[in-house]
Visitor: 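Would you mind keeping the following structure in view while I ask a few things?
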Amino acid sequence: MPRKLIAGNWKMNCLRTDGVALARDLGVRYSGETEPAFDMLVCPPATIVDAVGAAISGSGVLLGGQDCHRATKGAFTGDIAAPMLADLGCTHVIVGHSERRQYHGEIDLMVSEKAKAAHEAGLTAVICIGETEAERDAGQALAVCSRQIAGSVPEGSTADNTVIAYEPVWAIGTGRTPTTADVAEVHAHIRAELSRVMSDSDDVRILYGGSVKASNAGELMAVANVDGALVGGASLVADDFWAIAKACS
Ligand code: PEP
């Protein structure tokens, strides 16, 4: 069974002072664990990746970006290339988050290209997939995940360079979560679909994301094929994020 990964997506939150304080707090807690049962990853906004990296340096907490461009460099004003994230000490980058798909028109092919760029830069791509509420109501949740895996997971993906985050769009930031039976069904389906595109699919970490809190983390993390969490809102409060991580122990 893969070791659990607890990842925080800070989104467009935190100025430098807040972000550094949060990162330091998590770093002290994580480095104080004798044998942490989980890996911890923080993905701050691009403006403070460097400062957060310095704050967690030596603690064992991992650093990630929230998005990257498919190209390594060039005339792409405002974008960030995967090698730039690697240059700042990132080991991971989130790609295909539903907010990128929704507000920036990112389609599966673009997500796949970004994940490939991440791999080429030596980063682990955290590829997000998940159905909208309308798709779930129409009974299409599994089909959407199949389609997104086929389209967003590039050739050359392995358990070392790829993490999948199942994030039902309707559960993100809403306080609503699927039942544990639904999570189990989708995660088992994702595992089976991954076996079509990767030889080491059993070792790929499949995170659940969408309104994970300290109060529901224990039951969600105990579901088969749930190998950790991608956490938005609750990752901005050290006590809450830490309590979620400890639910893996
Ligand atoms: C997310 O945006 O990745 C997320 C899971 O958000 P939240 O935990 O706030 O639902």
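One-based numbering, in listed order, for ligands and for the atoms of each. Computed over heavy atoms, backbone and side chain alike; hydrogens, waters and symmetry mates excluded. This structure is a prediction, so every number in the text was calculated from the model and none was measured.
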Visitor: Please examine the side chains of Arg205 and Thr124, heavy atoms only from C-beta on, and report whether any two atoms are closer than 4.5 Å.
Guide: no
Visitor: Which residue owns the protein heavy atom closest to atom 5 (C) of ligand 1, what's the atom, and how far is it?
Guide: Glu167 OE2, 3.0 Å
Visitor: How does Ile172 reach ligand 1, by side chain, by backbone, by both or by neither, if only non-hydrogen atoms under 4.0 Å count?
Guide: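 Both backbone and side chain.
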Visitor: At a 4.0 Å threshold, what atoms of ligand 1 neighbour a non-hydrogen atom of Gly210?
Guide: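 The list of qualifying atoms is 5 (C), 10 (O).
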Visitor: Using modelled atom types and a 3.5 Å cut-off, is there a donor and acceptor pairing between side-chain atoms of Arg101 and backbone atoms of Cys128?
Guide: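 Looks like yes, one N/O pair under 3.5 Å.
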Visitor: Ala171 heavy atoms, cut-off 4.0 Å: which ligand 1 atoms fall inside?
Guide: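 What qualifies from ligand 1 is 10 (O).
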Visitor: Any nitrogen or oxygen of Gly233 lying under 3.5 Å from a nitrogen or oxygen in ligand 1? Just yes or no.
Guide: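 Right, the criterion is met.
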Visitor: When you measure from the side chain of Lys114 to the backbone of Cys68, do you find a donor-acceptor pair of N or O atoms at a distance under 3.5 Å?
Guide: yes
Visitor: For atom 4 (C) of ligand 1, what is the nearest protein heavy atom, given as residue, atom name and distance?
Guide: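 Going by distance alone, atom 4 (C) of ligand 1 is nearest to Gly232 N, 3.5 Å.
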Visitor: If I apply the N/O under 3.5 Å rule, does His97 come out as touching ligand 1?
Guide: yes
Visitor: Side chain or backbone, does Gly173 bring an N or O within less than 3.5 Å of an N or O on ligand 1?
Guide: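 Looking only at distances, the answer is yes, because the N/O contact criterion of under 3.5 Å is met.
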Visitor: Using a 4.0 Å heavy-atom threshold (strictly under), name the region of Ser98 that reaches ligand 1: side chain, backbone, both or neither.
Guide: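 Answer for Ser98: neither.
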Visitor: Side-chain contact, heavy-atom cut-off 4.5 Å: Val153 with Ile164?
Guide: yes
Visitor: Is the backbone N or O of Pro168 less than 3.5 Å from a side-chain atom of Tyr166, with the two atoms forming a donor-acceptor pair by type?
Guide: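 No.
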Visitor: Using only atom types and a distance under 3.5 Å, with no angle test, would you say the side chain of Asp240 pairs donor to acceptor with the backbone of Ala234?
Guide: no
Visitor: I'd like to know if Val144 and Ile127 are part of one continuous hydrophobic network [Ile/Leu/Val/Met/Phe/Trp/Tyr, side-chain heavy atoms within less than 4.5 Å].
Guide: no
Visitor: Do side-chain atoms of Lys4 reach the backbone of Leu207 as a donor and acceptor pair under 3.5 angstrom?
Guide: no
Visitor: Show the atoms of ligand 1 that are less than 4.0 angstrom away from any heavy atom in Asn9.
Guide: 2 (O), 3 (O)
Visitor: In ligand 1, which numbered atoms sit nearer than 4.0 Å to a non-hydrogen atom of Ser211?
Guide: 7 (P), 8 (O), 10 (O)
Visitor: Compute the minimum heavy-atom distance from Ala234 to ligand 1 and say whether it is under 4.0 Å.
Guide: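 Contact absent.
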Visitor: Measure from the side-chain N and O atoms of His119 to the backbone N and O of Asn161, and report whether any donor-acceptor pair falls under 3.5 Å.
Guide: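 Flag set: sc His119 to bb Asn161 pair under 3.5 Å.
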Visitor: Does at least one non-hydrogen atom of Lys11 fall below 4.0 angstrom from an atom of ligand 1?
Guide: yes
